[in-house]
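We count residues from 1, following the sequence as given.
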Amino acid sequence: MVMSPMKVLPTGCQYRSLTNNNTDMNIEEAIKAMQSGAKLTHKYLPAMGTQYLYIIDGEYVDSKGYILNKIDVESRLKADIFKFGWQKVESK
């Protein structure tokens, strides 16, 4: 098991989670991966109405194929809850 970095809930409470997955990325790594064509997910993305995000020609695209408002997405991704915990979506 690996202990993840401290995380902050919307209520301001901090916690650490234990995970067996050491493929988690931080937000900077996630954005670079999306710019390279990877589809990434995060446990809080469903609250934004999508299962995963990726980037095509500098635009954020959701799991339904909709192009999202870049300013809106980037402002939401600045929240502490999105700093860690990003994972690549496995191809089926």
Side-chain angles (χ1 to χ4, degrees):
M1 291 237 184
V2 176
M3 189 175 286
S4 68
M6 290 296 290
K7 297 182 181 182
V8 180
L9 295 172
T11 59
C13 298
Q14 294 183 347
Y15 72 100
R16 287 187 197 265
S17 62
L18 297 177
T19 179
N20 288 322
N21 186 352
N22 25 346
T23 61
D24 283 4
M25 293 180 247
N26 65 37
I27 187 64
E28 291 85 11
E29 295 167 326
I31 290 172
K32 286 179 186 175
M34 286 188 281
Q35 289 170 336
S36 298
K39 295 177 181 177
L40 278 102
T41 189
H42 190 281
K43 70 179 180 178
Y44 293 115
L45 278 182
M48 290 176 58
T50 189
Q51 297 301 311
Y52 58 84
L53 293 174
Y54 57 105
I55 297 175
I56 295 178
D57 295 329
E59 300 291 335
Y60 288 93
V61 182
D62 71 4
S63 56
K64 297 174 187 166
Y66 293 113
I67 296 174
L68 306 174
N69 181 305
K70 187 175 185 173
I71 295 170
D72 183 48
V73 172
E74 289 178 345
S75 67
R76 289 176 186 235
L77 295 182
K78 289 179 183 177
D80 286 342
I81 60 173
F82 287 114
K83 285 187 178 178
F84 301 99
W86 290 89
Q87 298 176 342
K88 284 188 179 180
V89 173
E90 298 296 324
S91 300
K92 294 181 180 181

- Pair Leu53-Leu45, side-chain contact (heavy atoms from CB on, under 4.5 Å): steps then yes or no: CA-CA 8 Å; Leu53 293 174; Leu45 278 182; 3.9 Å; yes

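- Under the side chain to side chain contact (heavy atoms under 4.5 Å, CB included) criterion, Ala47 pairs with no residue, sequence neighbours left out.
- For the atom pair CE of Met34 and CD of Glu29, the computed distance is 11.5 Å after rounding to the nearest 0.5 Å.
- Under the side-chain hydrogen bond (donor to acceptor under 3.5 Å, both in side chains) criterion, Thr50 pairs with Ser63, not counting sequence neighbours.
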- Item | Worked verdict on Ile27 versus Leu77 for side-chain contact (heavy atoms from CB on, under 4.5 Å) | CA-CA 8 Å; Ile27 187 64; Leu77 295 182; 4.2 Å; yes

- May I have the step-by-step check of side-chain contact (heavy atoms from CB on, under 4.5 Å) for Met25 and Lys32, ending in yes or no? CA-CA 10 Å; Met25 293 180 247; Lys32 286 179 186 175; over 6 Å; no

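- Using the six-membered ring where Trp is involved, His42 and Trp86 have ring planes that are tilted, between 30° and 60° apart.
- For the salt bridge (Lys or Arg N to Asp or Glu O under 4.0 Å) test, residues two or more places apart in sequence or in another chain that qualify with Lys83 are Asp80.
- Residues Gln35 and Ile55 approach most closely at CG-CD1, 3.8 Å, considering heavy atoms.
- Taken to the nearest 0.5 Å, the CD atom of Gln51 stands 13.0 Å off from the NZ atom of Lys39.
- Under the ring-ring contact (aromatic ring centres under 6.0 Å, His included) criterion, no residue pair touches residues 48-68, with sequence neighbours excluded.
- Leu40 CG to Ile31 CD1: the interatomic distance, rounded to the nearest 0.5 Å, is 10.0 Å.
- For residues 67-76, every residue pair satisfying the salt bridge (Lys or Arg N to Asp or Glu O under 4.0 Å) rule, not counting sequence neighbours, is listed here: Asp72-Arg76.
- Sorted by first and then second residue, the salt bridge (Lys or Arg N to Asp or Glu O under 4.0 Å) pairs with a member in residues 47-68 form an empty list; sequence neighbours excluded.
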